[in-house]
There are 2 protein chains.
Amino acid sequence: MNVTYSDKRRKRILELVIEAYVSTALPVGSQLLAHKLRSGLSSATIRNIMADLEEAGYLEQPHTSAGRVPTDRGYRYYVDAVMDLQHLSAEALREFEGRLEPMEYDVDRLLECAGALLVEFAQQAAFVVAPSVKKSTVKQVEFVPLSLRKLLCVMVANEEMVASHIVEIEEPMSRDEAAALSRFVNTELAGLEFASLLISLERRMLSQTDSFYHIVKRALQILQDALSTEPNERFLLQGTRVIIEQPEFSRDPKKAHELLKGLDAEETLVERMRQDLAADSVQVRIGKEVKIPELESCSYVIAPFSFGHDHEMVGGIGVIGPKRMDYLRLRALVEGMGRCLSHCLNLWEQA
Amino acid sequence: MNVTYSDKRRKRILELVIEAYVSTALPVGSQLLAHKLRSGLSSATIRNIMADLEEAGYLEQPHTSAGRVPTDRGYRYYVDAVMDLQHLSAEALREFEGRLEPMEYDVDRLLECAGALLVEFAQQAAFVVAPSVKKSTVKQVEFVPLSLRKLLCVMVANEEMVASHIVEIEEPMSRDEAAALSRFVNTELAGLEFASLLISLERRMLSQTDSFYHIVKRALQILQDALSTEPNERFLLQGTRVIIEQPEFSRDPKKAHELLKGLDAEETLVERMRQDLAADSVQVRIGKEVKIPELESCSYVIAPFSFGHDHEMVGGIGVIGPKRMDYLRLRALVEGMGRCLSHCLNLWEQA
DNA sequence: ATTTAGCACTCATATATTATGAGTGCTAAT
DNA sequence: ATTAGCACTCATAATATATGAGTGCTAAAT
């Protein structure tokens, strides 16, 4: 009954529908496509093909006499099989590096700046999933007595991320004692993961009865305190401003509100994104795939970045916005930014 | 020609108009007021008084046959002369303290948490103008060599705010050298303002030729580098989500966009707010008074908080939103939060 | 076997028309 | 000084009526 159309042409039509819809936010009709597709095909034929694509679940109509709009599945197919691979232009990459390298040695500022760059270039909200020292290994720990009851604990990770916390101590500590304690931790515990440090120290405390016992106990108490407020990873969000500029949201502020609410649930989101990062390449999540009810009308693109001697520190950066986004451009952009971050972070480390 | 009405009654009417408008976002008519004002006055009289208030510039009509809406001047008069002083309830204050005190010794987290609390209680966007170490005085500086070319410079302010930066060094430094350098800075420069530290060191470098010269020079180089990336103050913004929930903005997303754009210009805003903080009490800025074109349809309430031995560290916290806001409640809330912050920060310091 | 012209049909959007009614200012009586 | 009464205004809502972009289907053309 149905005529079969060449797969190539079907793809081309889907591609054009998506591209037109992405740039205009308006349902795409057969006439428009007949014009864009300079193949001399008539709108009637296009209509047939579109009906075909609709039946296959790639397109849908907002209402009977309207043009077509891509479905989640349509976008997915486009991303996987239709759109070609595009990399970030060399100039753009150089610009990024030029603006990120000067953030020397300050991971937090670097990530914030990278997010801001993404907002600017993508005109979408940007996020960063930043790894914390906790996940890293001990390079150096420094104890600095501040007063009788307070002590600053400076933790330097192997990748030279720094976290410092003021902790309360039960009995005062002299500078010499502090230095000794630092020396002990640095020689005995360097290379351990911060997160496992406490367990290791605890075990050691139980097995030892000699003079070290006291030192171990104090170190444990302080580090316990200092690490307790460190999150496992932080979620930075930037550019909420540009969200309400998107036509889908300014037309219907409720949707914007929903998105913002979805973004508030950082933990759920970070958990979801950890899976994407495990893939070790740029990922696109579309609508329902995000698996968070409030974000079902949104998509995000996320790229991993990594640093550390063994690339054991992994984070992610990306953009999030309405499903109607320029996946081709944004994937290239986000991937480039991920690479760029890795580049900068590793560059610093070698110094 | 004009009848004169008792000032008391005029005030009462203005008060009611503002309160009704604040809670409904709808122009207020004479009938409604006649009901609220249980004085048996007829709507006609109210109309006369309202016409009076309009002529005096306190009210305006969106269009001829509509009720009245307060003008900037109306709000201002209300805030200054009509609304009575209200303080935050003791329970609320206790709740704030209970949620802020556990953020022990981490000023950044404390301020972020305070902002989040304001968002929650005020249902408005909240901001914090946070003072930086730069404005404070040296309590302790610690140099920690990380590698041949990198060194961690930990700066502890008198109020125990901590900032650390990794800086690049030209020639390697041993731990002993670093300790000596720390000792030098801590004994010679403690109590100086970080911002003026460089000038002081420079002067000293010029006047000295002895063995200290080298130490001074190195300290200067490192601190110069470490301080260069420290901002004078930071501007934290939270709760942009609740902004679009306000009826004025969800009705007209352009306004929301304008507000968000105005909030992006942090420097201008911080500069404006510094003036408010100088007043050393809670301040209300309404519409044009904000003096930032994009924020002319907004108001903010800001309260100072201070800490340090001589209360020399000053910051601000507040809420920003549409002009139609509950000034009475918000002023009390913001003022309470300011007090609460001061309280917490000083509490920590004493420990 | 495709393709396409043609046509009837749908339905969101735009435009015009007409209530509706909340609210006003003014005047004259209280 | 207050208010009842009335004519007037004007945003908003309701209703009816094009308009036209877009569709599906059929039958003819390639």
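First the proteins, then the strands, lettered A, B, ... as listed; each starts at 1.
Within the 4.0 Å cut-off from OP1 or OP2 of C:dT4, at least one side-chain nitrogen or oxygen of A:S42 is found. An OP1 or OP2 oxygen of C:dG25 is reached within less than 4.0 angstrom by a side-chain nitrogen or oxygen of B:R68. Phosphate proximity of D:dT3 to B:T45: present, with a side-chain N or O under 4.0 Å from OP1 or OP2. Within the 4.0 Å cut-off from OP1 or OP2 of D:dA1, not a single side-chain nitrogen or oxygen of B:R9 is found. Side-chain N/O atoms of B:T64 include none lying less than 4.0 angstrom from OP1 or OP2 on D:dC8. Put simply, A:S43 has no side-chain N or O that comes within less than 4.0 Å of OP1 or OP2 on D:dG22.
You'll find that the side chain of B:R47 is closest to C:dG25, out of D:dT23, C:dG25, C:dA12. Checking D:dT3, C:dT4, C:dG6 against every side-chain atom of A:N48, the shortest atom distance belongs to C:dT4. When distances run from any side-chain atom of A:A44 to the nucleotides D:dT23, C:dC26, C:dT4, the shortest one goes to C:dT4.
For the pair B:R285 and B:Y300, the cation does not sit on the ring face, since its NZ or CZ is not both under 6.0 Å from the ring centre and inside 45° of the axis.
Rounded to whole angstrom, the span from the CD atom of B:Q61 across to the C1' atom of C:dA22 amounts to 12 Å. The nearest whole Å value for the distance from the CE atom in A:M50 to the P atom in D:dC25 is 15 Å. One interatomic measurement links the two molecules: CG of A:L37 to C1' of C:dT4, which rounds to 15 Å at whole-angstrom precision. B:D52 places its CG atom 13 Å from the C1' atom of D:dA1, with the value rounded to the nearest Å. Taking atom CD of A:Q31 as the reference point, atom C1' of D:dA21 lies 8 Å away to the nearest angstrom. D:dG22 atom C1' lies 15 Å from atom NE2 of A:H35, rounded to whole Å. Rounded to a whole Å, the CG atom of A:L32 is 16 Å from the C1' atom of D:dG20. Taking atom CD1 of residue A:I49 and atom C1' of nucleotide D:dC25, one finds them 16 Å apart after rounding to whole Å.
The base of C:dT10 is paired with the side chain of A:S65 by a donor and an acceptor separated by under 3.5 Å.
Counted by atom type alone, B:E266 and B:T268 present zero donor-acceptor pairs between their side chains at under 3.5 Å.
Listed for the B:T45 side chain is no donor-acceptor partner under 3.5 Å among the backbone atoms of B:L41. With B:R12 contributing its side chain and B:L37 its backbone, the two residues share no donor-acceptor pair below 3.5 Å.
A parallel orientation is assigned to the rings of A:F127 and A:F235, their planes being inclined by less than 30° (bins at 30° and 60°).
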